[in-house]
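A short write-up of the structure that comes next.
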Protein chains: 2
Amino acid sequence: MNAALQGAFRALADPTRRDILMHLSARDMTIAEVADHFSITRAAVKKHLTVLEEGRLISVRTEGRERINHLEPVGLKPVADWVNYFDRYWDDRLLGLQRAVKDHERKNDD
Amino acid sequence: MNAALQGAFRALADPTRRDILMHLSARDMTIAEVADHFSITRAAVKKHLTVLEEGRLISVRTEGRERINHLEPVGLKPVADWVNYFDRYWDDRLLGLQRAVKDHERKNDD
DNA sequence: TTAACATAATACCAGATGGTATCATGTCAA
DNA sequence: TTGACATGATACCATCTGGTATTATGTTAA
């Protein structure tokens, strides 16, 4: 059970949360600042931020009465690694190469 | 709005479904063959396969009474693209470069 | 033709999820 | 000190989700 992978994938499953990450890639933001970009309540945004934090995709620091949310891009690395495992299957150049190999094998079988 | 991305991310959020994709990357399989690798019912596996199909991560062809599930790795491309957008933020070499640039700027500010 | 087989379809359940509303707490500034 | 402000905490709701069990349909092979 890869907890880091599951936490990250779970967090990424919601479009609002993916959108939040995009906003945070521009700059750190308080909850209120994040919420300004959406039409849902701050409480709902706060829940999304909690899920993102659990997935290690953001970190949070408190400054006075503000809670500042910061992108943690390294949390995406497990996801990138998992997805890129399949590169070999969709990469056009590799697919072409595979076809060439198969053709070659077929010729030798004849 | 981006249906392909959402369908794929939604499908990938469940660990069983990610596991199924790994199995299907080895070879095509019927529902029963996929189910052999898990301790849940075939009906539950079938539901997962439906979600994977909706996310365009697999395709299905019927042969007689069998339903053969086939990996569609290209469906992962939108996900790979989305995740790789953040490469610039976690790539160690780039982070090192950013730090160097900041140091340089700080020196000039003094 | 008929029995075994692979899958489809449906109904149902418990718990997770995304949302709201409301009230409490801590912090800043006049 | 006190009011405005940013967030935290809690309770609640409808819907989605992952699972089960059961029954139905189509297919193969004896």
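All heavy atoms count here, side chains included; hydrogens, waters and symmetry mates do not. Below, read A as the first sequence line, B as the second, and so on, with proteins coming before strands; counting in each chain starts at 1.
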Using the side chain to side chain contact (heavy atoms under 4.5 Å, CB included) rule, pick out the option among A/L12, A/L57, A/L52, A/I58 that qualifies with A/R17.
A/L52
With side-chain contact (heavy atoms from CB on, under 4.5 Å) as the criterion, how do A/L21 and B/W82 come out once you've worked through the C-alpha distance, each side chain's angles and the decisive distance to 0.1 Å?
CA-CA 11 Å; A/L21 289 185; B/W82 192 93; 4.0 Å; yes
Is the side chain of A/Q6 donor-acceptor paired with the backbone N or O of B/A13 at a distance under 3.5 Å, no angle test?
yes
Nearest atoms (heavy-atom pairs only) where B/A80 meets A/N84:
CB-ND2, 4.3 Å
Less than 3.5 Å apart, which donor and acceptor atoms pair up between the side chains of residues 38-45 of chain B and the rest of the protein, not counting sequence neighbours?
{"residue": "B/T41", "atom": "OG1", "partner": "B/A44", "partner atom": "N", "Å": "3.2"}

Begin with the C-alpha distance, continue with both residues' side-chain angles, and end with the deciding distance and a verdict on side-chain contact (heavy atoms from CB on, under 4.5 Å) for B/I20 and B/H48.
CA-CA 9 Å; B/I20 290 175; B/H48 283 308; 3.8 Å; yes
Of all heavy-atom pairs linking B/G64 and B/T62, the shortest is O-CG2, 3.5 Å
Run A/F86 and B/M22 through side-chain contact (heavy atoms from CB on, under 4.5 Å) and show every step you take.
CA-CA 9 Å; A/F86 291 91; B/M22 284 293 182; 4.0 Å; yes
By side chain to side chain contact (heavy atoms under 4.5 Å, CB included) - contacts of A/E66 (at least two apart)
A/T30
Find every protein N or O atom lying less than 3.5 Å from an N or O atom of nucleotides 7-12 of chain C, and list the pairs.
{"residue": "C/dT7", "atom": "OP1", "partner": "B/I31", "partner atom": "N", "Å": "3.3"}
{"residue": "C/dT7", "atom": "OP1", "partner": "B/R67", "partner atom": "N", "Å": "3.4"}
{"residue": "C/dT7", "atom": "OP2", "partner": "B/A32", "partner atom": "N", "Å": "3.0"}
{"residue": "C/dA8", "atom": "OP1", "partner": "B/R67", "partner atom": "NH1", "Å": "3.3"}

Contact span of DNA chain D against chain B, any nucleotide atom under 4.0 Å from a heavy atom, 5' to 3', runs D/dT17 to D/dT28
side-chain hydrogen bond (donor to acceptor under 3.5 Å, both in side chains) filter on B/R61, not counting sequence neighbours, yields B/D28, B/E63
Walking DNA chain C from its 5' end, the first of A/G64 and A/S39 to be reached, judged by nearest nucleotide, is A/S39
Nearest nucleotide by nearest heavy atom, which residue falls closer to the 5' end of DNA chain C, A/V51 or A/E63?
A/V51
With the threshold set at under 4.0 Å for non-hydrogen atoms, list the residues of residues 7-18 of chain B touching DNA chain D in residue-number order.
B/R10, B/D14, B/R17
